[in-house]
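Throughout, numbering of the chain's residues begins at 1 and tracks the sequence.
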Amino acid sequence: MSYNIRTLAARSCYDVVDQGMSLSEVLPKAQALLDNPLDKALLQEICFGVMRFLPQLEAVCNQLMSKPLVKQLRPLQFLLYVGIYQLKFMRIPDHAAISETVDAARELKGQSLTKLINGVLRNVQRQPALFDFDNAPAAVQFNHPGWLITELQQAYPQQWQQILAANQQKAPLWLRVNVAKINPTDYAAALTRDCIEYSRPIADLPAAIKLMQAQDVTTLPGYDAGWFSVQDGAAQYAATLLQVDSSQSVLDACCAPGGKTCHILELAPQADVTAVDKEPKRLLRVHENLNRLGLTANVIAADASEPDSWWQGQLFDRILLDVPCSASGVIRRHPDIRWLRKKADIAALASLQQHILQQCWALLAPGGTLLYATCSVLPQENSDQISYFLQQNNDAKLDILPQQLAEQPYGWQLLPGEQDMDGFFYARLLKTDLNSISPK
């Protein structure tokens, strides 16, 4: 059976925005209906684009329609966004974009609306001034929800527009070379032999390689042999900052999908690593990654915030705590996050993060190190958490990271787009042995 890509795109975007489903859940199912890899890529491009420019697409429709389509016609409203995105932002010929979108309306049981859809798209084609948003509300100008813009303005008065602009960019494809199997320089040479352009832009991440153009990673040299993993440069700092050696026991407390777990073992192959995540389905990816890379860890389906249900009583020398967060630092990679996340979510996430941090701290041996990490840029989830934790725990000491700036007293905050990496936060905490400290 042949599927219209615009139909699949409209339904996928409707499922995200109106039904609250993640694009990472919806899109693979839609792509599975397509045979041609180029069609799969086109579907992703359209869906990601609609998520990135949703407020402006809505604003254009509002100028051309008396009212939006509602109820059972909502998928057709998203089909309009799909058509407008193609006309404004893609290289698809206008006639093809319009005809394919109108055909998709019929598949979505919108036969009676084909003239309306054709008319709206023709007007978009003829009136470029419809995209003049200089005097529009900030949410439309910057294609982000108003609450998030306000949060970023308060936290980063000099950089908020830079963050929003970075979120609109397509994320590059980063690789992490598996140093347990191949030297990064040798792997770079393999890419060169296959005429694959790349750079190695991060001096303190010698195993990090950024491809100049995204492509199917399964076709890259050494994929089946486990020579590399896909991981953004910012996330690659986790294992290096944790500073594990092979004699130590390590807890990766919120491990799925396992990229950081594997990186720890690549750097310290004999380390005793326990990887915990409460979602069994996500642990399938952890096992797949470990098997492909030839690594071994003790993988447990459990809730890191409830260690009594799984912890065996042995303290860990190192703990990586990449807590659940708003993912506000990886919006460029997951553009639907901005529409799925709500302002009220932040306080709930912050409470959960502090609870997990307190619970896992009890599992750390005196003299041990805990690395707190998020893919967020919001202080409530990052520096505020560390500040509060240090006030509550007199056996905790902040270990200043080399990358920390003077204005970052409670950890290292990377912003989206810095050296073309995702937004990330790291704070390294050392556990002191109170019994060894002499009273004053």
Side-chain angles (χ1 to χ4, degrees), residues 24 27-28 31-32 34-45 48 169-240 242 244 246 252 255-271 273 275 282-297 299 330 332-334 375 419-422 424:
S24 61
L27 184 58
Q31 289 176 313
L34 302 170
D35 296 325
N36 190 325
L38 294 178
D39 289 342
K40 295 176 188 283
L42 176 57
L43 176 59
Q44 176 170 312
E45 164 65 20
F48 274 48
Q169 303 304 310
K170 297 178 182 178
L173 179 60
W174 286 85
L175 306 180
R176 184 192 76 240
V177 178
N178 181 357
V179 296
K181 286 185 174 287
I182 187 171
N183 181 284
T185 300
D186 291 339
Y187 187 74
L191 292 176
T192 299
R193 286 194 295 273
D194 282 7
C195 301
I196 298 171
E197 295 185 359
Y198 65 89
S199 65
R200 300 174 65 184
I202 312 297
D204 52 350
L205 288 178
I209 292 179
K210 185 179 74 170
L211 299 190
M212 297 296 100
Q213 191 169 17
Q215 61 186 84
D216 182 354
V217 297
T218 64
T219 66
L220 294 174
Y223 174 80
D224 291 330
W227 285 4
F228 70 91
S229 296
V230 175
Q231 189 179 45
D232 187 83
Q236 292 188 38
Y237 276 101
T240 60
L242 194 59
V244 177
S246 286
D252 186 352
C255 68
K260 300 178 184 68
T261 306
C262 293
H263 195 190
I264 291 169
L265 286 163
E266 290 167 12
L267 297 177
Q270 302 305 314
V273 175
R282 299 191 71 208
L283 287 176
L284 294 175
R285 286 282 307 280
V286 178
H287 287 292
E288 289 171 0
N289 287 327
L290 287 168
N291 291 336
R292 185 177 66 83
L293 298 172
L295 303 169
T296 303
V299 180
V330 294
R332 66 176 191 161
R333 200 171 292 281
H334 302 282
C375 55
Q419 298 192 73
D420 219 0
M421 295 188 292
D422 290 340
F424 237 84

Minimum side-chain heavy-atom gap Leu283-Cys255 below 4.5 Å: yes
Distance in Å, Leu191 CG paired with Met212 CE, rounded so as to fall on 0.5 Å steps: 11.0 Å
Test log, rule side chain to side chain contact (heavy atoms under 4.5 Å, CB included), inputs Lys210 and Gln419: CA-CA 11 Å; Lys210 185 179 74 170; Gln419 298 192 73; over 6 Å; no
Pair Leu220-Tyr187, side chain to side chain contact (heavy atoms under 4.5 Å, CB included): steps then yes or no: CA-CA 10 Å; Leu220 294 174; Tyr187 187 74; 3.9 Å; yes
Sequence neighbours excluded - salt bridge (charged side-chain N to carboxylate O under 4.0 Å, His left out) pairs with any residue from residues 175-193: Arg176-Glu266
Heavy-atom closest pair, residues Asp216 and Thr218: OD1-OG1, 2.7 Å
Residues Leu267, Thr240; criterion side chain to side chain contact (heavy atoms under 4.5 Å, CB included); working and verdict: CA-CA 8 Å; Leu267 297 177; Thr240 60; 4.1 Å; yes
Euclidean distance, Leu265 CG relative to Ser246 OG, rounded to 0.5 Å: 9.0 Å
Salt bridge (Lys or Arg N to Asp or Glu O under 4.0 Å) partners for Arg332, two or more places apart: Asp232, Asp420, Asp422
Heavy-atom closest pair, residues Pro221 and Ala190: CG-O, 4.0 Å
Partner residues of Thr192 under the side-chain contact (heavy atoms from CB on, under 4.5 Å) criterion, sequence neighbours left out: Tyr198
Ser24: side-chain hydrogen bond (donor to acceptor under 3.5 Å, both in side chains) partners, not counting sequence neighbours: Ser22
Side-chain touch Ile196/Leu211, heavy atoms, less than 4.5 angstrom: yes
Interatomic distance, Cys375 atom SG to His334 atom NE2 [nearest 0.5 angstrom]: 7.5 Å
Smallest separation among heavy atoms of Val179 and Ala207, with atom names: CG1-CB, 4.1 Å
Asn36 side chain to Leu38 backbone, donor-acceptor under 3.5 Å: yes
Any Lys170 side-chain heavy atom under 4.5 Å of Phe48 side chain: no
Over all atoms of both residues, closest heavy-atom pair of Arg200 and Pro206: NH2-O, 3.0 Å
Flag, side chain of Gln236 to backbone of Leu175, donor-acceptor distance under 3.5 Å: yes
Over all atoms of both residues, closest heavy-atom pair of Leu205 and Gly233: CD1-O, 3.3 Å
Whether Lys260 side chain and Ala235 backbone form a donor-acceptor pair below 3.5 Å: no
Without placing hydrogens or testing angles, list every side-chain donor-acceptor pair under 3.5 Å for residues 287-297, not counting sequence neighbours.
unit_1 : atom_1 : unit_2 : atom_2 : d
Asn289 : ND2    : Pro257 : O      : 2.8
Asn289 : ND2    : Arg285 : O      : 3.2
Asn291 : ND2    : His287 : O      : 3.1
Arg292 : NH1    : Tyr223 : O      : 2.9
Arg292 : NH1    : Phe228 : O      : 3.0
Arg292 : NH2    : Phe228 : O      : 2.8

All side-chain contact (heavy atoms from CB on, under 4.5 Å) counterparts of Asp224, not counting sequence neighbours: none
